[in-house]
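So the structure is just underneath, and the comments pick up after that.
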Amino acid sequence: MSCFVCAARHQKANGGHSWGFLVCAAAAKQLMRGSWKIGHYILGDTLGMGTFGKVKASKHELTGHNVAVKILNRQKICSLDNLKLFRHHHIIKLYQVISTPTDIFMVMEYVSGGELFDYICKNGRFDEKESRRLFQQILSGVDYCHRHMVVLRDLKPENVLLDAHMNTKIADFGLSNMMSDGEFLRTSCGSPYYAAPEVISGRLYTGPEVDIWSRGVILYALLCGTLPFDDDHVSTLFKKICDGIFYTPQYLNPSVISLLKHMLQVDPMKRATVRDIREHEWFKQDLPQVSFS
C-alpha cells in the first residue's frame, strides 16, 4: 500500500493546475511598486496554493489584525453570500468578500497551524483518541453546513486547517453548492482520492452523501496515515473506489472499522448519514456536549 505522503505528493503534482490571476489596474500598479493592497488589507507571503486560487497572509492596515486572503477566479466558484453568515467554531470565519472584474478576494480568519494534510504527511497517523477528537470536530462543522443547505463536495485534509491548539477549521468552499429540496447535482468535482463513486461515475446525487464519503476517507487517513483508495493510474483508482474494497490494518478497533465501512458504502442509499455517525458507539466516546449545538 502506498503511504499517505506518496499519494499526497502525486495528488499535489497532478491533481491541480497552475493558476494565474489578474487584478485591477490599481492593484497591478501596487505590485510593480513591491507592495500589494486590496481594500484595507496588505497582502504578504503565500500560505498555500490550490486548484482554484492561492491564500496569502495579510494584515489590516489600520488595526494590524492578521487575516488570510484567498484569491479566486470569480467564474469558478459558487455564491459566497450565505457563507459570510456562517459562525461555527470548526469553520473558518469569512469576514469580507472583495470583488474585482476578474477575481474575488475572500478575507478570512487566520489559522496558524497549517493544513491537516501537511501535518499527516510530516507526522503520520494520529492515535485513535486524537483521530476521534478531530473527526468529531470535522463532522460538527460539516453538519452545520448541511443544516444551512450547503454541501462542500471537496472535503479533504488540504481543506481542513489546524489552529494553535490542534483544533480543526474547515476552510475551503470553492466547490461548495447550495442544496434545494427535490433537486440533484451531477458535477464531477474535487479530488478523485476523496470522491464518492457516484461523483466519479457522473451519476446524480443530492450532496450530503458525497460529503459523508469524503469524511470516511479523512477518518481513514487520520487513523492509518494512508488513503483507503490509491493508485497512480486514474482508471484503476476509479475502479477501486467503485468497488469500495479497502485494507483495514490489524491495529484498528473493530468498532471504528464498522463505522468506516458504513461511511465508505458504495451504495449512497445504504451509506451512513450524520445521524448514523452521531449515534455510533465509537463516535460517541469523549464527545464534547457543545459539538452539535
Side-chain angles (χ1 to χ4, degrees), residues 1-16 50-51 115-121 124-126 128 131 134-135 138-139 142 151-160 170 172 175 185-205 207-273 276-277 280 282:
M1 172 175 288
S2 300
C3 68
F4 184 85
V5 176
C6 294
R9 284 175 180 165
H10 178 78
Q11 179 181 345
K12 289 247 177 175
N14 300 303
T51 303
E115 297 176 0
L116 177 61
F117 174 92
D118 291 329
Y119 188 94
I120 297 175
C121 286
R125 66 186 180 94
F126 292 90
E128 182 178 334
S131 294
L134 295 173
F135 181 68
I138 294 169
L139 185 73
V142 177
V151 58
L152 295 168
R153 302 196 300 173
D154 192 28
L155 189 61
K156 55 189 178 182
E158 293 93 323
N159 295 340
V160 177
I170 297 170
D172 196 330
L175 290 176
L185 302 171
R186 192 170 208 159
T187 307
S188 181
C189 57
S191 167
Y193 292 96
Y194 305 91
E198 60 270 25
V199 174
I200 62 175
S201 301
R203 301 197 302 270
L204 294 175
Y205 58 90
E209 72 277 21
V210 304
D211 284 347
I212 293 287
W213 177 280
S214 298
R215 277 177 288 188
V217 177
I218 291 175
L219 176 57
Y220 187 97
L222 290 169
L223 290 162
C224 304
T226 63
L227 297 172
F229 311 104
D230 179 30
D231 200 276
D232 290 339
H233 298 93
V234 175
S235 58
T236 307
L237 172 64
F238 282 9
K239 184 180 186 306
K240 289 181 177 180
I241 292 171
C242 291
D243 289 343
I245 300 173
F246 56 93
Y247 171 74
T248 54
Q250 291 185 348
Y251 58 76
L252 287 183
N253 185 324
S255 181
V256 77
I257 291 176
S258 72
L259 177 59
L260 284 166
K261 289 183 176 180
H262 199 182
M263 297 180 70
L264 297 175
Q265 164 62 244
V266 170
D267 184 348
M269 299 299 293
K270 297 178 181 178
R271 194 173 302 152
T273 63
D276 292 332
I277 299 169
H280 194 279
W282 183 86

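Here the structure is a predicted model, which means the values were calculated and not measured. This chain uses plain numbering: 1 for the first residue, then up along the sequence.
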Shortest non-hydrogen contact from [X] toward [Y]:
X	Y	value
Ile241	Ala195	CG2-O, 3.5 Å
Gly216	Met263	N-CE, 3.3 Å
Glu128	Asn253	OE2-ND2, 3.3 Å

>> Donor-acceptor check, side chain of Asp267 to backbone of Met269, threshold 3.5 angstrom: yes or no?
In response: yes
>> Using only atom types and a distance under 3.5 Å, with no angle test, would you say the side chain of Lys156 pairs donor to acceptor with the backbone of Ser214?
In response: no
>> Test side-chain contact (heavy atoms from CB on, under 4.5 Å) on Leu219 and Val256; report intermediate values, then the result.
In response: CA-CA 9 Å; Leu219 176 57; Val256 77; 4.3 Å; yes
Find out whether [X] and [Y] are in side-chain contact, i.e. whether some heavy atom of one side chain is under 4.5 Å from a heavy atom of the other.
X	Y	answer
Cys242	Val266	no
Trp213	Pro197	yes
Leu237	Pro192	yes
Leu223	Pro249	no

Enter the distance from [X]:[atom1] to [Y]:[atom2] here, rounded to the nearest 0.5 Å.
X	Y	atom1	atom2	answer
Leu264	Arg215	CG	CZ	11.5 Å
Asp231	Phe238	CG	CZ	11.5 Å
Arg125	Tyr251	CZ	OH	4.0 Å
Tyr220	Tyr194	OH	OH	12.5 Å
Leu134	Leu139	CG	CG	12.5 Å
Ser255	Leu260	OG	CG	10.0 Å

> For Arg271, what residues pass the side-chain hydrogen bond (donor to acceptor under 3.5 Å, both in side chains) criterion, not counting sequence neighbours?
Replying inline: Glu198
> Hey, what's the ring geometry for Trp282 with Phe135, parallel, tilted or perpendicular (30° and 60° as the breaks)?
Replying inline: tilted
> Residues two or more places apart in sequence or in another chain: which of them pass ring pair (Phe, Tyr, Trp, His ring centres under 6.0 Å) with Tyr119?
Replying inline: Phe126
>> As a quick check of understanding, evaluate side-chain contact (heavy atoms from CB on, under 4.5 Å) for Cys121 and Glu115, giving each step before the final call.
In response: CA-CA 10 Å; Cys121 286; Glu115 297 176 0; over 6 Å; no
>> Let's go through Ile212 and Ile277 carefully: what are the C-alpha distance in whole Å and the side-chain angles of both, what is the deciding distance for side-chain contact (heavy atoms from CB on, under 4.5 Å) to 0.1 Å, and is it a yes or a no?
In response: CA-CA 9 Å; Ile212 293 287; Ile277 299 169; 3.7 Å; yes
